[in-house]
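First the structure, in the form of structure tokens, and then the observations on it.
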Amino acid sequence: MEFRDQVIRVLAEVLGDKLSAEKIKQVLEKPKDLALGDYAFPAFLLAKTLHKAPQQIAAEIVQKINQEHFEKIQAVGPYVNFFMDKSQASAAVISTVLRQQFSYGDQDLGKGGNVPIDMSSPNIAKPISMGHLRSTVIGNSLAKLLKKVNYHPIKINHLGDWGTQFGKLIEAYKLWGSEEEVKADPINKLLEYYVRFHKEDVAHPELDEKARGWFKKLEDGDEEAIRLWKWFRSESLKSFMKIYEKLGVEFDSFNGEAFYNDKMAEIVSILEKRDLLKESRGAQIVDLDKYDLNPALIRKTDGATLYITRDLAAALYRKRTYNFVQSLYVVGNEQTNHFKQLKAVLKEMGEPWSDDIHHIPFGLITQDGKKLSTRAGRVILLDEVLDDAVQLARKQIEAKNPNLENKEQVAKEVGVGAVIFHDLKNERMNNFDFNLEEVVRFEGETGPYVQYSHARAMSILRKAKEEGHVLNEQENYSLNDPESWEVITEIAAFPKMVKRAVVEYEPSVIAKYGLHLAKAFNKYYAHSKVLKDDEQLYARLALVKSVATVLKESLNLLGVHAPDKM
RNA sequence: GCGCUUGUAGCUCAGCAGGAUAGAGCGACCGCCUCCUAAGCGGUAGGUCAUCGGUUCGAUUCCGAUCAAGCGCACCA
């Protein structure tokens with residue numbers, strides 16, 4: 001299956017004593033141009049040991065090498081270029097995909113190990129913004145990727161459902177809010193109160209005092225405070241669920257910050273027992289000087305705990321509950337230091353699994369170059385972006401394919417798919433400035449482009465079936481024309497891409513791959529007629545089927561639907 | 001000031017853990033629907049790979065310095 005191994009094997013036969021198979025594997029490369037073959041071995045590194053010109057070495061290798069299973073092997077300058085036997089190779093790839101279907105690319109990297117993923121984690125009483133989208137879709141895609149390589153992902157929505165902001169919210173609600181208003185439009189009203197609070201507390205600092213008082217009451221179990229908190233939480237969650245439904249994301253746990261309230265005392269006592277807690281400026285800290293980090297603030301001057309205390313409790317809870325092999329946190333890169341501290345404190349606590357904790361950071365979304373801020377009221381509401389995208393998809397369908405059935409369903413899949421794909425197609429760490437037209441674009445390197453390619457493939461298969469052509473999936477179909485070869489090499493690369501995406505925690509690898517495969521396929525069927533009744537017809541159909549399968553699976557790994565028609 | 005991240009065509013980004021003339025999309029310009037959905041395909045124009053050094057037979061890729069941008073730097077999360 002892996003063509004690369006074939007090349008390494010024959011090279012090792014010739015170079016065995018001079019270069020190990022491992023070394024050959026390292027230097028073997030893929031030429032940029034298919035005209036230079038499928039693989040290339042650069043002879044430079046033998047020049048020194050053999051005291052010969054690399055050109056000459058390349059020529060000698062070609063003379064000695066076993067060419068049996070290759071179309072040809074030739075020396076071009078200092079390179080040995082390998083051309084795979086297209087018939088053999090295409091038969092191997094196509095039959096593998098036809099047999100394995102959507103499990104093509106599955107691997108056992110994880111041995112079934114548990115991997116909790118901390119993702120999405122919006123704050124109660126605030127709307128889900130574009131910033132949360134990143135964490136949500138990256139986490140969701142990583143979960144699907146991890147599952148594909150036999151890990152067991154556990155998606156945890158670590159809700160921001162506790163903290164001093166609830167004091168502010170309660171105070172603001174008591175001052176300006178009403179039950180009817182909130183019931184009618186919970187998130188927006190609650191946000192309105194919150195923003196107003198931050199506007200007014202500049203001139204009226206006594207508001208902060210009151211807010212602190214409310215939060216204290218909340219912590220002490222005051223009936224009214226608890227009632228309001230629960231109400232805000234459930235209303236918020238309801239509206240979050242609507243968005244998650246649109247995105248097609250589900251969670252295994254909604255244990256948020258409040259869940260750990262009763263689990264922090266243990267952390268503090270462990271730290272005390274290990275003599276790690278120190279007093280500094282009235283607060284209690286863990287000194288992390290030896291890690292070159294700022295001290296971790298465990299308790300504020302007033303005795304209240306902080307973010308990191310909660311995260312320590314959560315980390316320990318997750319280890320105990322899931323006995324994870326890795327624990328992931330899909331959180332913005334501005335929190336890099338926090339996670340370094342978290343790992344360092346766990347290490348100080350003597351927990352060796354602190355090394356299994358990985359922060360998966362991602363870049364910032366800005367608007368007009370400025371950071372989004374709920375307090376400043378500068379938010380891009382995800383819900384609105386999704387609705388806009390679906391609306392545009394509807395218009396697109398009316399213009400391009402007005403007779404389509406399930407228009408509404410397809411519009412949702414395409415619109416939402418565009419938004420998700422846009423977020424995943426570039427490396428996580430890149431920042432991007434929000435631009436609605438860019439996000440909901442349907443042409444070029446976009447989700448809809450990949451979806452469209454898949455729909456076209458399905459359309460060809462449908463038509464073939466109507467004409468009475470049925471594929472036998474046990475048959476060995478092979479193609480040896482140069483037009484299909486580029487598509488075949490892309491399909492063959494899929495398992496490697498899955499692995500890379502997992503190892504790098506980088507969904508963009510799959511998004512980029514999907515674009516490449518789609519592009520190769522679009523080019524292919526634009527230049528070769530598939531439904532032509534000749535002896536290669538079934539082989540071409542098998543190729544189209546393989547493409548459709550891998551495109552759909554790629555999109556699936558990103559959390560994007562692949563409609564059969566669009 | 002210190003730390004992290006980033007710096008490739010007008011714009012948005014690739015470049016697979018150093019190699020053969022630096023790629024794609026968008027935008028601009030020009031072609032292609034009596035032919036499997038033109039959300040497509042083809043072509044032209046556009047780059048001293050931030051700068052300067054170093055390692056190497058070879059550097060956009062590795063190392064160092066400089067410059068620029070973003071983020072962070074204990075009582076928010």
Side-chain angles (χ1 to χ4, degrees), chain A residues 26-27 29-33 36 40 42 44-45 47-48 54 76-79 81 121 123 158 160 162-165 257 280-285 288 292-302 304-308 310-311 331-338 340-341 361 363-364 366 369 371 375 393 396-397 399-401 403-404 414 418 425-427 429-433 435 437-438 441-446 448-453 455-457 459-464 467 493 496-497 500 504 508-509 512 515-516 518-519 522-532 544 565-566:
Chain A
Q26 268 178 39
V27 299
E29 57 189 85
K30 227 171 176 156
K32 305 174 186 177
D33 191 346
L36 293 167
F44 302 102
L45 60 163
K48 219 178 236 173
V76 178
Y79 290 90
N81 292 337
S121 311
N123 293 318
H158 190 80
W162 202 253
T164 46
Q165 75 266 26
E257 293 170 4
S280 170
R281 301 182 215 171
Q284 296 200 287
I285 62 148
L288 297 174
D292 231 3
L293 292 168
N294 282 327
L297 208 55
I298 302 297
R299 265 200 168 129
K300 301 202 273 189
T301 320
D302 64 6
T305 54
L306 283 123
Y307 181 37
I308 194 157
R310 221 170 294 263
D311 261 5
V331 180
N333 70 0
E334 65 271 23
Q335 292 196 40
T336 297
N337 275 325
H338 166 73
K340 282 185 183 165
Q341 290 182 319
L364 206 65
T366 53
K371 193 179 172 177
R375 290 187 185 186
Q396 192 79 190
I397 289 168
K400 306 275 184 184
N401 197 357
N403 298 321
L404 183 71
V414 172
K425 81 172 171 186
N426 290 328
E427 276 181 39
M429 285 304 289
N430 292 354
N431 295 341
F432 73 83
D433 199 63
N435 175 335
E437 282 140 56
E438 194 68 41
R441 174 162 275 150
F442 299 142
E443 289 160 11
E445 296 178 324
T446 65
Y449 173 85
V450 181
Q451 290 174 317
Y452 178 75
S453 309
R456 291 297 302 271
S459 166
I460 292 173
L461 294 171
R462 219 163 29 238
K463 199 159 179 193
E467 291 174 8
K496 206 170 68 190
M497 292 298 158
R500 202 182 130 204
E504 297 177 10
S508 70
V509 169
K512 287 259 153 59
L515 287 169
H516 284 141
K519 191 168 171 56
N522 277 319
K523 190 171 156 189
Y524 172 71
Y525 77 74
H527 297 282
S528 325
K529 175 98 178 152
V530 175
L531 294 173
K532 197 171 53 181
V544 173
K565 295 181 187 174
M566 64 184 271

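Every chain is numbered from 1 and lettered A, B, ... according to where its sequence line falls, protein lines coming before strand lines.
Comparing the C1' positions of B:rC11 and B:rG3 gives a spacing of 31 Å, expressed to the nearest Å. Using C1' as the reference atom, B:rC49 and B:rC13 are 13 Å apart when rounded to the nearest Å. The P atoms of B:rG18 and B:rU61 are separated by 12 Å, rounded to the nearest whole Å. Remark: the separation of the C1' atoms in B:rA28 and B:rG10 is 10 Å, to the nearest Å. One C1' atom belongs to B:rU21, the other to B:rG58, and the distance between them is 16 Å to the nearest Å. Going from the P atom of B:rC16 to that of B:rA50 covers 15 Å, rounded to whole Å. Separating the P atom of B:rU6 from that of B:rC30 is a span of 40 Å, rounded to the nearest Å.
A close approach under 4.0 Å does not occur between any side-chain nitrogen or oxygen of A:K463 and OP1 or OP2 of B:rC35. At least one side-chain nitrogen or oxygen of A:K400 sits closer than 4.0 Å to the OP1 or OP2 atom of B:rA39. The side chain of A:S459 contributes an N or O atom lying less than 4.0 Å from OP1 or OP2 of B:rU37.
Contacts of A:A304 with the nucleic acid, taken as non-hydrogen atoms under 4.0 Å apart, are absent. If you check every strand for non-hydrogen atoms under 4.0 Å, A:I397 touches a base. Using a 4.0 Å heavy-atom cutoff across all strands shown, A:L306 reaches sugar-phosphate atoms only and no base atom. A:V544 comes within 4.0 angstrom of no nucleic acid atom, judged by non-hydrogen atoms across all strands. At the heavy-atom level, A:Q451 lies nowhere under 4.0 Å from the strands shown. Within 4.0 Å (heavy atoms only), A:N81 reaches at least one base atom of the nucleic acid. Residue A:R441 is in sugar-phosphate contact alone, with no base atom involved, counting any heavy-atom pair closer than 4.0 Å across all strands shown. Residue-level contact check: A:S528 touches the bases, meaning some heavy atom is under 4.0 Å from a base atom.
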Show the distances under 3.5 angstrom between N or O atoms of the protein and N or O atoms of nucleotides 40-48 of chain B.
residue, atom, partner, partner atom, Å
B:rG40, OP1, A:G444, N, 3.3
B:rC41, OP1, A:Y449, OH, 2.7
B:rC41, O2', A:H527, NE2, 3.1

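Annotation: the span from A:L531 atom CG to A:L461 atom CG amounts to 8.5 Å, rounded to 0.5 Å. Atoms CG and NZ, on A:L288 and A:K340 in that order, are 12.0 Å from each other to the nearest 0.5 Å. Atom CZ in A:R281 sits 15.5 Å away from atom NZ in A:K300 (nearest 0.5 Å). Here A:L293 contributes atom CG and A:N337 contributes atom CG; the two are 6.5 Å apart, rounded to the nearest 0.5 Å.
If you check B:rU56, B:rC36, B:rC76 against the side chain of A:K300, the one that comes closest is B:rC76. When distances are taken from the side chain of A:A283 to each of B:rC75, B:rU37, B:rU21, the shortest belongs to B:rC75. Side-chain proximity of A:E334 to the nucleotides B:rG72, B:rU37, B:rC57 is greatest for B:rG72. Of the candidate nucleotides B:rU37, B:rA39, B:rC57, B:rU37 has the atom lying nearest to any side-chain atom of A:A455. For A:V76, counting side-chain heavy atoms from C-beta on, the closest listed nucleotide (B:rA20, B:rG72, B:rA77) is B:rA20. Considering only side-chain atoms of A:L364, the nucleotide from B:rA20, B:rC36, B:rG70 that sits closest is B:rG70.
Side-chain contact between A:Y307 and A:Q335 is present, with heavy atoms from C-beta onward closer than 4.5 Å. In this structure, A:P361 and A:M429 have side chains that are in contact, with non-hydrogen atoms separated by less than 4.5 Å. Taking the side chain as every heavy atom from C-beta outward, A:R310 and A:W162 approach each other to under 4.5 Å.
Not a single donor-acceptor pair under 3.5 Å links the side chain of A:E427 to the backbone N or O of A:S508. A:Q341 places a side-chain N or O within donor-acceptor distance of the main-chain N or O of A:P295, the cut-off being under 3.5 Å. With A:K30 contributing its side chain and A:A40 its backbone, the two residues share no donor-acceptor pair below 3.5 Å. A side-chain donor-acceptor contact under 3.5 Å links A:N401 to the backbone of A:M566.
A:N522 and A:Y449 form a side-chain donor-acceptor contact under 3.5 Å, judged by distance and modelled atom types alone.
Between the base of B:rA77 and the side chain of A:R310 there is no donor-acceptor pair shorter than 3.5 Å. Evaluation of atom-type donor-acceptor distances gives a pair under 3.5 Å for the side chain of A:T301 against the base of B:rC75.
In this structure, A:D433 places its CG atom 12 Å from P of B:rG70, rounding to the nearest Å. Here B:rA77 presents its P atom at 12 Å from CD1 of A:I298, a figure rounded to the nearest Å. Following rounding to the nearest Å, A:Q341 (CD) and B:rC73 (C1') show an atom-to-atom distance of 10 Å. Rounded to a whole Å, the CD1 atom of A:I460 is 10 Å from the P atom of B:rC36. Protein atom CG of A:L36 is 11 Å distant from nucleotide atom C1' of B:rU21, rounded to whole Å. Taking atom CG of A:D311 as the reference point, atom C1' of B:rA77 lies 9 Å away to the nearest angstrom. Following rounding to the nearest Å, A:E257 (CD) and B:rA77 (C1') show an atom-to-atom distance of 7 Å. Spacing between atom CG of A:N401 and atom P of B:rA39 amounts to 9 Å, rounded to whole angstrom units.
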Note to self: Expected output check: what is the dot-bracket annotation of RNA chain B, where ( ) and [ ] are pairs inside the strand (brackets for crossing ones), | is paired with another strand, and pairs are Watson-Crick or G-U under 3.5 Å?
What the structure shows: (((((((..((((.....[...)))).(((((.......))))).....(((((..]....))))))))))))....
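Of the two residues contacting RNA chain B, namely A:E29 and A:H338, the nearest-nucleotide position lying further toward the 5' end is that of A:E29.
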Check: If the sugar-phosphate is the primed atoms plus P, OP1 and OP2 and the base is the rest, what is the B/S/- string for nucleotides 2-16 of chain B, using protein heavy atoms under 4.0 Å?
Finding: --SS-------SSSB
